[in-house]
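Read the structure below first, then the notes.
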Amino acid sequence: MTTSVPPKLTVVWFKRDLRLQDHEPLHHAVTVATEKGYPVLPLYLFEPDIMADSHHSERHWRFVWQSLLVMQRTLQAAGGELHVSYDNAVVFFRRLIAALPHIEVVSYAETGLHCTFERDKQLSALFKQHNVHWREFPYAGVQRGITHRRTWHQRWQQVMAQPATSTDLHHPHWYINKSLVKRVPGDIASRLHQPDDSKQPGGEHHAHKLLASFLTDRHTHYHRHISSPLASFNSCSRLSPYLAWGNISLRQVYQALNNAGSKRPRSLSAFASRLHWHCHFIQKFETECEQEFRTVNRAYKHFPYRDDNKVEADLAAWKSGTTGIPMVDACMRCVNRTGYLNFRMRAMLVSFLTHYLLIDWRLGVRHLARQFLDFEPGIHYPQFQMQAGVTGTNTLRIYNPVKQAEDNDPDGRFIRQWVPEIAHLPNEELFAPWLIPPLTHMAMEQPVPERYLHPVAQPDEAITRHRDLLWNWRKRDDVKREARRILHRHSIPASQIKPTR
């Protein structure tokens, strides 16, 4: 441990990589910088400007807080200290440079939002002004500055095959100086410290425990239950928030999967295929991050979404789970409360917003970002646009919410759990209450709430009105031209993709 002013200091800046193993910037600081006698300062910044961004919510920062507490206990046991400061990055590093002019900074490169990109540009200018070297390590298989994908998958495989780094935390000289940090305000700290049992807790050990339980037994029904909004809570890996906030690396998951056995069951093969696409979507966003503000297919810029005086009310109903469509409402209430929803139901929520209500995808994208505990910008935006059908390259998938209920919640347990006001209905009426004949409804001992008799849109009627518009726009010449550009820039050649063992 070092408290005096060092000749040079290595700052390990943690962002969306909240772990202490298989962490390349930390490993570099410990193995290389300490060989030169440089002490190491681990740092996390609660940045007020980033926290205030409309993509984020308290559930994200509580997960981060929990992750930091786990890291802090581990570092303290090794004689170190995680420095946590409530500062915008430029403000903190300006103060740090004034106190300790000889520093270098290591971190992961972040495929983030516009707000983090602008912050990084300001930091780069500050570091250049003060001759501070900032080394950014690539995240998993994501490559910065590429213009095509001809060798991308091969590179991804190489990164996944490299040994995961194991760092001896008792080895370095830790620099500890709490006078450098600004404490998180008490009211914020108090809220973040409050546990929330409805959501997954953050922390490296939780991630590895969950991975072990999935590979040992929970995976058994993965391929069968992946579309079920209820069964997926247990049968899916549930690792996505731990990957999104870096409690575990994709390489650790990938290698644990490969070490699970040479004869991989169908369930784990299905899971492996999804790991392959994780970085693929982040790479899409890294290469064309304007997707935060516009459609990746520019020909959808003027797509005629609704602009009538009911849009705001329908959007509010969608966000709150009060549309009157049982499966839509159950899914939205579930994710609003728990932060989790399986992939198919996420796609259905986006489809209902954009295809049935014909509301601009940009009006809903930030709401779901705030709800998803596993919000990852590089996955969220390409996936949202794909499900909204505005890429011109992916098949237009229109998810009928009644059919999704019949297929994936056939006994109605999920709907009854999250929409208790209609739990008394039998299955034949539960999925589409607006079809209940008026005389039948009048004879009911417990009436159906008005919103479920008159939903914001009846699915069959709405999609009949909108289907031709959705499909015909996709056939436009300008959409097709843009689709060719997108495929050239983002597609992985089929010859590259080989099944992992």
Note: [X]-[Y] ion pair, threshold 4.0 Å (strictly below):
X      : Y      : result
Glu482 : Arg298 : yes
Arg337 : Asp196 : yes
Glu47  : Lys15  : no
Arg144 : Glu286 : yes
Arg370 : Glu58  : no

| task | Might you confirm whether atom CD of Glu312 has over 12 heavy atoms from other residues, nucleotides or ligands at distances under 6.0 Å? | result |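 It does not: Glu312 CD has 12 such atoms or fewer within range.
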| said: Tell me whether Asn247 contacts the main-chain N or O of Leu18 through its side chain, where contact means a donor paired with an acceptor under 3.5 Å. | reply: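 Such a contact is found between Asn247 side chain and Leu18 backbone.
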| Side chain Trp61, main chain His56, donor-acceptor under 3.5 Å |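 Between the backbone of His56 and the side chain of Trp61 there is no qualifying donor-acceptor contact (under 3.5 Å).
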Indicate whether any N or O donor in one side chain lies under 3.5 Å from an N or O acceptor in the other, for [X] and [Y].
X      : Y      : value
Arg224 : His221 : yes
Trp434 : His454 : no
Glu376 : His278 : no
His55  : Tyr381 : yes
Gln283 : Tyr139 : no
Asn336 : Arg59  : no
Ser267 : His219 : yes
Arg238 : Gln200 : yes
Thr391 : Asn297 : no

| field | Among Phe93, Tyr44, Phe92, Phe137, ring pair (Phe, Tyr, Trp, His ring centres under 6.0 Å) partner for Trp13 | value |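 Passing option: Phe93.
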| field | Non-hydrogen atoms of His466 and Leu357 that approach each other most closely | value |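 Looking at all heavy atoms of both residues, the closest pair is CE1-C, 4.4 Å.
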| request: Decide if the gap between the ring center of Trp156 and the ring center of His280 is smaller than 6.0 angstrom. | output: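 They do not qualify: ring centres at least 6.0 Å apart.
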| query | Are any of the side-chain heavy atoms of Val296 and Val390 separated by less than 4.5 Å? | reply |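 No. Closest side-chain heavy atoms not under 4.5 Å.
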| Contacts of Lys403 that satisfy salt bridge (charged side-chain N to carboxylate O under 4.0 Å, His left out) - sequence neighbours left out |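 Residues passing salt bridge (charged side-chain N to carboxylate O under 4.0 Å, His left out) with Lys403: Asp407.
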| request: Examine Arg274 relative to Trp277 and say whether NZ or CZ is less than 6.0 Å from the centre of the six-membered ring and inside a 45° cone about the ring axis. | output: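 No cation-pi geometry.
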| query | Under the 6.0 Å and 45° cation-pi test, does Arg346 pair with Phe372? | reply |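 Judged by the rule, Arg346 and Phe372 form a cation-pi pair.
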